[in-house]
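Working notes, structure below.
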Amino acid sequence: MNPELRKFFEQYGILSEKNMDELVDKFKLRKVKKGDLLLVQGQVCNKIFFVKKGCLRLYYIANDIEITVWFSFENNSAIELSSFLSGAPSEYFIEAIEEGEILSLYKSELTRLYEKNIEMQKVMRVFWEDVILNLIKRFTALQKDSAEKRYTDLMSQPVYLQRIPQKYLASYIGVTPTSLSRIRKNIR
């Protein structure tokens with residue numbers, strides 16, 4: 001029984017009790033430690049993750065520098081979409097940055113559920129649309145907004161400032177840790 005996972009999928013549409021049970025029961029619980037890698041560059045992302053407790057981050061490495069793309073906190077999904085959908089090796093890493101618990105579902109299991117159930121296809125289509133829209137919003141902000149604006153936007157979500165190490169926050173908004181310190185000083 002995973003009420004948080006049920007609630008998560010309910011926001012994307014209605015599944016019968018039987019179909020919701022079948023979906024939720026396919027997810028497997030795993031405890032993670034800080035620093036555990038759930039996906040490594042070069043692997044195919046063949047799982048979708050749900051954060052029950054803790055925080056995950058997606059990042060890549062460019063010129064020996066880690067670039068953070070997103071964070072996923074409790075009651076949210078985590079996935080490397082490009083690799084998951086295409087089956088190509090990933091350019092990214094997914095790392096637990098806190099000790100926690102995650103639920104994961106293999107793509108093959110999800111595909112079986114799709115094939116059996118049009119209701120599941122509809123819910124997951126809305127889910128994928130939401131994932132894509134959030135990615136577009138994130139990348140647009142990186143292109144359009146100043147680093148100061150990106151930081152002040154984070155201030156409206158205190159969980160980021162309370163739980164994410166400064167070096168990851170800096171990378172997430174597209175600046176060096178030194179620049180982030182300067183931005184923070186100017187905003188106060």
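For the single chain, residues carry numbers from 1 onward in sequence order. Just so you know, these numbers come straight off a predicted model, no measurement behind them.
Of the possible polar contacts, one joining the S181 side chain to the P177 backbone as a donor-acceptor pair under 3.5 Å is found. For E115 (side chain) and R112 (main-chain N/O), no donor-acceptor pair under 3.5 Å exists by modelled atom type. Looking at R30, its side chain never comes within 3.5 Å of a backbone N or O of S104 through a donor-acceptor pair. No donor-acceptor pair under 3.5 Å is formed between the side chain of D145 and the backbone N or O of L142. In this structure a side-chain-to-backbone donor-acceptor pair under 3.5 Å is missing from S83 to P89. Listed for the N117 side chain is a donor-acceptor partner under 3.5 Å among the backbone atoms of M120. Within the 3.5 Å criterion, the main-chain N or O of D130 finds a donor-acceptor partner in the side chain of N134. Not one N or O on the side chain of E109 forms a donor-acceptor pair closer than 3.5 Å with the backbone of Y106.
Classified by interplanar angle (parallel below 30°, tilted 30° to 60°, perpendicular above 60°), the ring pair F8/F127 is perpendicular. Ring geometry for Y172 versus Y160: interplanar angle under 30°, hence parallel rather than tilted (30 to 60°).
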Steps toward ring pair (Phe, Tyr, Trp, His ring centres under 6.0 Å) verdict (F84, W128): CA-CA 11 Å; F84 187 85; W128 294 124; 5.5 Å; yes

Derivation and outcome, side-chain contact (heavy atoms from CB on, under 4.5 Å), residues E95 and D36: CA-CA 6 Å; E95 174 188 27; D36 281 356; over 6 Å; no

Criterion side-chain contact (heavy atoms from CB on, under 4.5 Å) on Y60 and Q41, from CA distance to verdict: CA-CA 8 Å; Y60 65 95; Q41 182 182 35; 5.9 Å; no

Candidate pair F50 and N2, rule side-chain contact (heavy atoms from CB on, under 4.5 Å), full reasoning: CA-CA 11 Å; F50 178 80; N2 289 298; over 6 Å; no

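Atom CZ of F49 and atom CD1 of I94 lie 5.0 Å apart (nearest 0.5 Å). Annotation: the span from I164 atom CD1 to S171 atom OG amounts to 11.0 Å, rounded to 0.5 Å. Distance CG/D25 to CD/E22: 8.5 Å, rounded to 0.5 Å. Once rounded to the nearest 0.5 Å, the distance linking CD1 of I173 with NZ of K149 reads 12.0 Å. Atom CZ of R184 and atom OG1 of T152 lie 13.5 Å apart (nearest 0.5 Å). Separating the CG atom in N46 from the CD1 atom in I79 is a distance of 10.0 Å, to the nearest 0.5 Å.
Between A170 and L180, the shortest heavy-atom contact is N-CD2, 3.7 Å. Here the closest non-hydrogen pair linking V51 and G54 is CG1-O, 3.4 Å. Nearest approach of S82 to S86, heavy atoms of both residues: O-OG, 2.8 Å. Considering all non-hydrogen atoms of both residues, L56 and A96 come closest at CD2-CA, 3.6 Å. Here the shortest heavy-atom pairing between Y151 and I187 reads CD2-CD1, 3.5 Å. Nearest heavy atoms, V69 versus R138: O-NE, 2.7 Å.
At least one cation-pi condition fails for R163 and F73: the charged atom is not both under 6.0 angstrom from the six-membered ring centre and inside a 45 degree cone around its axis.
Ion pairing of R57 with E66 is present here, as a side-chain N (NZ or NE/NH1/NH2) and a carboxylate O approach within less than 4.0 Å. A salt bridge is defined here as a Lys NZ or Arg NE, NH1 or NH2 lying under 4.0 Å from an Asp or Glu carboxylate O, and K52 with E4 meets this definition. Between R6 and E10, none of the side-chain N atoms (NZ, or NE/NH1/NH2) sits under 4.0 Å from a carboxylate O, so this pair counts as no salt bridge.
Around CD of Q143, the count of heavy atoms belonging to other residues, nucleotides or ligands within 6.0 Å does not exceed 12. Heavy atoms from other residues, nucleotides or ligands lying under 6.0 Å from CD of E99 number 12 at most. Crowding of I14 atom CD1: a count of heavy atoms from other residues, nucleotides or ligands under 6.0 Å not exceeding 12. Within a 6.0 Å sphere centred on OH of Y114, heavy atoms belonging to other residues, nucleotides or ligands number more than 12. More than 12 heavy atoms of other residues, nucleotides or ligands lie within 6.0 Å of NZ in K107, so this atom counts as buried by the packing criterion.
Hydrophobic clustering (ILVMFWY, side-chain heavy atoms < 4.5 Å, transitive): F139 and I67 are in one cluster. Both I65 and L58 are part of a single hydrophobic cluster, where members link through side-chain heavy atoms under 4.5 Å apart. Linking Ile, Leu, Val, Met, Phe, Trp and Tyr whenever their side-chain heavy atoms come within less than 4.5 Å puts L135 and L39 in one cluster. Linking ILVMFWY residues whenever their side-chain heavy atoms come closer than 4.5 Å, directly or via other members, leaves V40 and I48 in distinct clusters. At a threshold of 4.5 Å between side-chain heavy atoms, the hydrophobic network of Ile, Leu, Val, Met, Phe, Trp and Tyr places I136 and L81 in one connected group.
When each of Y92, F71, F93, Y168 is checked for a ring-ring contact (aromatic ring centres under 6.0 Å, His included) with Y59, only F93 meets the rule.
Contact of the F27 side chain with the L5 side chain is registered, since non-hydrogen atoms from C-beta on lie closer than 4.5 Å. Counting heavy atoms from C-beta on, the side chains of V126 and K122 never come closer than 4.5 Å. Residues V32 and E101 are not in side-chain contact: their nearest non-hydrogen atoms beyond the backbone lie 4.5 Å or more apart.
A donor-acceptor pair shorter than 3.5 Å cannot be found between the side chains of S90 and Q43. Side-chain polar atoms of T111 and S108 form no donor-acceptor pair below 3.5 angstrom. For S179 and R182, the side-chain atoms include at least one donor-acceptor pair closer than 3.5 Å. A donor-acceptor contact under 3.5 angstrom links the side chains of N19 and E119, judged on distance only.
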